[in-house]
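Report on the following structure.
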Amino acid sequence: MLERATRTIKTAALLLAAYFVLNIALRITLPHSLELDEAEQSFFSQYLLAGYGPQPPFYNWMQYAIVSVTGMSIGALVVPKNILLFLCYLFYGLAGREALKDQALAAIGMLALITLPQVSYMAQQDLTHTTALLFASSLFLYGFFRTLDRPGVGSYLLLGLATGIGLISKYNFALMPVVALIAILPDAEWRRRALDWRMLIAIAVALVIVLPHAIWLQGNLAFASSDTLVKMAAGNEPVGIARIGKGLLAFLVAILAFAALPVAIFAAAFRRDFVRALSARNRWTGMMERMMLASLAGIALIVLFTGSTTVRERWLDPFLLVLPIYFLAKMKAAGLDFSAGLRRFRPVVPVLMACVLVALGFRVVGAGLIGTYSRPNVPMADLVREMTRQAEPALVIASDPYVAGNMRLQLPHVPVVIPDFPVAGIPAYTTAGGPVLIVWRGKKTATAADAVMPERFSSALTAADITPQEIGALSLPYYFGRQDDNFALGYAWVRPGAR
């Protein structure tokens with residue numbers, strides 16, 4: 001029986017590995033124009049910094065290390081992300097094994113993670129820092145559950161490692177260790193785990209990982225929090241009951257959007273057993289309930305105190321990620337024979353995998369049919385080829401990280417900068433050692449006559465007493481697009497010393 005169960009969890013891991021290989025192959029097959037987060041990683045991978053802006057640096061550090069070894073390519077962006085996602089599923093299965101005490105159920109829990117749209121689809125579509133958060137959250141659940149069940153130095157080391165990685169993956173992870181502590185307080189045996197001297201090892205490991213970014217954050221708090229505050233801002237919504245109600249309603253909608261699909265799939269597969277199991281309880285289900293309730297209460301308080309009217313589903317990732325394990329733990333606690341439900345559930349997994357792959361592919365190749373274009377539809381390779389037909393620049397100065405990251409991918413040996421990125425020692429117009437290409441987003445119907453350089457570029461050139469040798473614009477059709485649906489870039493060539 002044990003051998004059969006072991007084969008089951010190994011089969012689940014192999015199935016997931018094949019699935020992520022297909023995701024990698026699909027992304028490499030599609031046009032190599034980058035998604036927004038991919039472009040940011042492409043651009044930031046030129047620099048190793050303690051902080052990069054509104055997002056913590058774990059994913060940036062990982063991407064920098066990989067690009068330093070392999071060079072810039074679409075594979076260098078896609079493969080690490082899919083490895084992180086695979087590890088997210090793997091550690092989630094290991095966490096399930098600790099809580100469920102059943103290899104076969106752990107395998108089902110591992111595969112059931114695909115029922116969460118934020119994990120299965122949204123993470124594949126674009127997200128990078130959220131991918132790191134998902135990985136860290138699964139690793140934390142494994143370290144936390146293992147520490148509760150089998151406390152040892154290795155378990156506490158793992159817990160500290162996961163906490164440190166989580167804190168430099170996404171700032172909202174900071175709530176995870178707090179709610180984990182709250183969840184074990186009512187249980188006398190588990191409460192002693194928090195008072196164990198080995199907890200100092202976990203704290204030390206986490207601090208070592210977090211310290212470089214924490215030092216940077218101390219002097220850049222406003223810069224790091226600006227993007228989050230903008231996303232949470234209520235705009236012109238007046239302070240009062242209406243604003244609070246709107247924020248809490250958005251919070252409730254986010255919870256429903258996050259949990260609706262897994263609840264529906266489990267209910268359809270296990271039917272009455274699922275409903276009966278909801279009233280079952282053991283110490284593991286109680287602990288997971290306290291974790292989720294404490295985290296949701298914490299987010300509700302943040303919504304109330306900040307006056308936010310926006311709550312995104314992915315903000316709930318670390319707190320509701322445990323849902324599939326929780327459902328399986330409930331059914332096991334009920335002591336029911338749910339083998340028939342498992343047989344109905346297993347075919348759902350490959351169907352969902354196929355749906356994700358088809359959706360990811362169709363949103364690009366079917367863009368012309370639906371009239372909505374994703375960023376891989378942007379003809380970036382053709383635009384760069386036309387711009388650099390006569391010469392290769394010594395430096396590219398781009399208007400924003402999206403343009404910069406795409407330029408970096410297409411010209412991997414050319415340094416790319418943006419005017420407002422705070423990196424000391426970046427090449428300037430006069431020190432580039434060759435022609436400088438300035439690139440910005442243009443009008444869809446751009447022609448050479450429409451090429452108007454943004455003021456921040458023109459004023460910088462004027463201040464340096466430099467005259468552009470050529471100002472132009474290119475407008476090309478989207479990949480897989482409709483006729484006359486174009487994307488445009490404006491550009492200017494500058495040569496150091498030109499007056």
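Heavy-atom basis, side chains included; hydrogens, waters and symmetry copies ignored. These numbers were taken from a predicted model, which means no experiment stands behind them.
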Minimum heavy-atom distance Leu159-Gly143, with the two atoms named: CD1-C, 4.0 Å
- prompt: Any side-chain heavy atom of Trp493 sitting closer than 4.5 Å to one from Leu437?
  reply: yes
query: Does Leu321 reach the side chain of Met176, with side-chain heavy atoms less than 4.5 Å apart?
result: no
- request: Might you point out which heavy atoms bring Pro379 and Phe487 nearest each other, and give the distance in Å?
  value: CD-CB, 3.8 Å
message: side-chain contact (heavy atoms from CB on, under 4.5 Å) for Leu133 and Phe173? Distances and angles first, verdict last.
response: CA-CA 7 Å; Leu133 174 67; Phe173 181 89; 3.8 Å; yes
- prompt: Roughly how far, to the nearest 0.5 Å, is CG of Leu411 from CZ of Arg385?
  reply: 11.0 Å
message: Donor-acceptor pair, distance only, cut-off 3.5 Å: does the side chain of Tyr52 make one with the backbone of Tyr47?
response: yes
- request: Kindly give the heavy-atom pair with the smallest separation between Ser42 and Leu77, and that separation in Å.
  value: N-CD2, 4.1 Å
message: I need the Tyr19 OH to Leu111 CG distance, nearest 0.5 Å.
response: 11.5 Å
query: Do Phe266 and Phe345 make the cut of ring centroids closer than 6.0 angstrom?
result: yes
Interatomic spacing from CG in Asn377 to CZ in Phe480 - rounded to 0.5 Å: 7.5 Å
message: Within the 4.5 Å heavy-atom criterion, are Leu14 and Thr11 side-chain neighbours or not?
response: no
- prompt: Under the 3.5 angstrom rule, does the side chain of Asp37 hit a backbone N or O of Thr128 as a donor-acceptor pair?
  reply: yes
From Glu470 atom CD to Arg495 atom CZ, the distance as rounded to the nearest 0.5 Å: 10.0 Å
message: Taking the side chain as everything from C-beta on, heavy atoms only, tell me whether Phe319 gets closer than 4.5 Å to Met292.
response: no
query: Would you call Thr388 and Pro393 a side-chain contact if the rule is heavy atoms closer than 4.5 Å?
result: yes
Arg312 side chain to Leu316 backbone, donor-acceptor under 3.5 Å: no
- prompt: Side-chain donor-acceptor pair under 3.5 Å between Asn406 and Glu38, yes or no?
  reply: no
- prompt: Does any N or O in the side chain of Ser120 come within less than 3.5 Å of the main-chain N or O of Ile114, such that one atom is a donor and the other an acceptor?
  reply: yes
- prompt: With a 4.5 Å heavy-atom cut-off, do Val378 and Tyr478 have their side chains touching?
  reply: yes
Flag, side chain of Lys81 to backbone of Leu127, donor-acceptor distance under 3.5 Å: yes
query: Could you go step by step and tell me if Asn60 and His129 meet the side-chain contact (heavy atoms from CB on, under 4.5 Å) rule?
result: CA-CA 9 Å; Asn60 301 98; His129 297 286; 3.2 Å; yes
- request: On the 0 to 90° scale, with breaks at 30° and 60°, tag the Phe140-Phe144 ring pair as parallel, tilted or perpendicular.
  value: parallel
message: Looking at Tyr92 and Ile325, would you say the former's side chain and the latter's main chain have a donor-acceptor pair under 3.5 Å?
response: yes
message: Quick check against the 3.5 Å criterion: does Tyr64 have a side-chain atom that pairs as donor or acceptor with the backbone of Leu49?
response: no
query: Can Asp317 and Arg314 be counted as an ion pair, charged N to O under 4.0 angstrom?
result: no
message: Below 30° counts as parallel, above 60° as perpendicular, anything between as tilted: where do the rings of Phe20 and Tyr89 land?
response: perpendicular
Gln46 (side chain) donor-acceptor with Phe43 (main chain) under 3.5 angstrom: yes
- request: Kindly give the heavy-atom pair with the smallest separation between Val322 and Phe145, and that separation in Å.
  value: CG2-CZ, 4.2 Å
Sole residue of Met72, Gln410, Arg408 in side chain to side chain contact (heavy atoms under 4.5 Å, CB included) with Val416: Arg408
- prompt: Can you tell me how far CG of Leu261 sits from CG of Leu352, rounded to the nearest 0.5 angstrom?
  reply: 6.5 Å
message: Determine whether a donor-acceptor pair (N or O, by modelled atom type, separation under 3.5 Å) exists between the side chain of Asn172 and the backbone of Trp315.
response: yes
- prompt: Which pair of heavy atoms, one from Pro468 and one from Leu461, lies closest together, and at what distance?
  reply: CG-CD1, 3.6 Å
message: For Ala76, is there any backbone N or O sitting under 3.5 Å from a side-chain donor or acceptor partner on Gln63?
response: yes
- prompt: What's the verdict on side-chain contact (heavy atoms from CB on, under 4.5 Å) for Tyr59 and Gln41, showing C-alpha distance, side-chain angles and the deciding distance?
  reply: CA-CA 8 Å; Tyr59 202 101; Gln41 292 304 319; 3.4 Å; yes
query: Quick one: does Glu313's side chain get under 4.5 Å of Val253's, heavy atoms only?
result: no
field: Pair Leu84-Leu134, side-chain contact (heavy atoms from CB on, under 4.5 Å): steps then yes or no
entry: CA-CA 9 Å; Leu84 270 190; Leu134 292 170; over 6 Å; no
query: Got Pro376 and Arg27 here, is their nearest side-chain heavy-atom distance under 4.5 Å?
result: yes
- prompt: What is the distance from atom CZ of Phe91 to atom CE of Met110, rounded to the nearest 0.5 Å?
  reply: 10.5 Å
- prompt: Among Val303, Ile255, Leu249, which residue meets the side chain to side chain contact (heavy atoms under 4.5 Å, CB included) test with Val311?
  reply: Val303
query: At their closest point, which heavy atom of Leu34 faces which heavy atom of Leu409, and how far apart are they?
result: CD2-CD2, 3.5 Å
